[in-house]
Amino acid sequence: MSDGALKVSGMNAVLASVMGHWFAENGRELPWRTPETTAWGVLVSEVMSQQTPVARVAPIWTEWMGRWPTPADFADAPAADVLRAWGRLGYPRRALRLHECAKAVVERHGGVIPDDVDALLALPGIGTYTARAVAVFAYRQRHPVVDTNVRRVVARWAHAKPDAGHATTTADLRDAEALLPSEPEEAARLSVALMELGALVCTARSPRCGDCPIARDCGFLASGESLPEGPSRKPQRYHGTTRYVRGQIMALLREAEHPVARVAIDGVWHETARREEALSGLISDGLVDALPGDRFALPS
DNA sequence: AACCCGGGGAT
DNA sequence: ATCCCAGGGTT
């Protein structure tokens, strides 16, 4: 952190206090934000929330935890059941990785979600963000938790920039670490509050600076600059892409009671090459089984 | 570093 | 019609 104000002794405690009060008043009541949520529940919520808005995750998470209350319960489930329960959350490879993760937790850790960041990082589907999120939100340890929201808040508030880079870097972790108060519990509360601030107030396109509890110290607000108007990313099309066709095939197979013939898959998109690209990709990803007789199904 | 991977709600 | 979202894995 190069900003001089942050080096003032006690500044982090003040930030944590202000953000803590703001979160207590304004934080959303998500189903996994309860004292009885297990580390497994936290892990599931984090994986489901990777690139998927939490509002869409909440009902699926509740159903999921009722069906598979522990990693061991989930590890024993058939992959097809897992993919159907995942439904339309998107990026179904996450569901498969979560399945592999649960199996690894059973084998390596006796069915207990590890509390060590490095052990978490070694699990399938657990990366820089999710490992720290579990260690902090489930085990109340003191680590920086840096997601897209925290990167944006820190970029604006501490660095007076309109936005952050597109991926989490070592510098992002160091910047977030520099903001944490010394007490792990207070640090954990600050991290979730910063994430919530980014989700509700310090949003990507239309930040509500009038509602921001830390606007007084915000470098970007003080700079007087305004956000760039044009699209911040390259234009992304979806309809007709491989991802779209993959999604169509997965939806077809999720809803099918029995293996489907190739001709049924032909109906999801008119371009054969695109269709084949999508189908072969799904098979190599382990999301689809190719069965004898040119038939296809979710993996068994 | 760049690219791939879904889907829906907001604007 | 376009943007955005509690990212991770592969190359």
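Please read these numbers as outputs of a predicted model, since none were measured by experiment. Letters A, B, ... mirror the listed sequences (proteins, then strands); counts begin at 1.
Taking 3.5 Å as the limit, the base of C:dA6 and the side chain of A:Arg33 contain a donor-acceptor pair of atoms between them.
Each of A:Leu121 and A:Phe137 has a nearest nucleotide on DNA chain C; the 5'-most of these lies closest to A:Phe137. DNA chain C is contacted by both A:Leu123 and A:Glu46; A:Glu46 maps to the nucleotide lying nearer its 5′ end (nearest heavy atom per residue).
Between A:Trp64 and A:Phe74, the distance separating the two ring centers is shorter than 6.0 angstrom. Between A:Trp68 and A:His99, the ring centre distance reaches or exceeds 6.0 Å.
Note on A:Val18 and A:Leu200: same hydrophobic cluster, where clusters join Ile, Leu, Val, Met, Phe, Trp and Tyr whose side-chain heavy atoms are under 4.5 Å apart, directly or indirectly.
The 12-atom threshold is exceeded at CD of A:Glu36, counting heavy atoms of other residues, nucleotides or ligands nearer than 6.0 Å.
For A:Ser49, no side-chain nitrogen or oxygen approaches OP1 or OP2 of C:dG7 to under 4.0 Å. In this structure, A:Arg205 reaches the C:dC4 phosphate: one of its side-chain N or O atoms is under 4.0 Å from OP1 or OP2.
Atom CG of A:Leu173 and atom P of C:dG7 are 14 Å apart (whole Å). In this entry the distance linking CE of A:Met48 with P of C:dG8 reads 16 Å, nearest Å.
With P as the reference atom, B:dC5 and C:dA6 are 22 Å apart, rounded to whole Å. Remark: the separation of the P atoms in B:dG6 and C:dT10 is 15 Å, to the nearest Å.
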At under 4.0 Å between heavy atoms, how does the protein contact nucleotides 5-11 of chain B? Give one character per nucleotide, 5' to 3', with B, S or -.
BBBS---
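Between A:Tyr244 and A:Tyr238, the ring planes are perpendicular. Angles over 60° get that label, and only those under 30° would be called parallel.
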Side chains of residues 181-192 of chain A: which donor-acceptor pairs under 3.5 Å do they make with residues two or more places apart or in other chains?
from     : atom 1 : to       : atom 2 : distance (Å)
A:Glu185 : OE1    : A:Arg140 : NE     : 3.0
A:Glu185 : OE2    : A:Arg140 : NH2    : 2.9
A:Ser191 : OG     : A:Ala187 : O      : 3.4

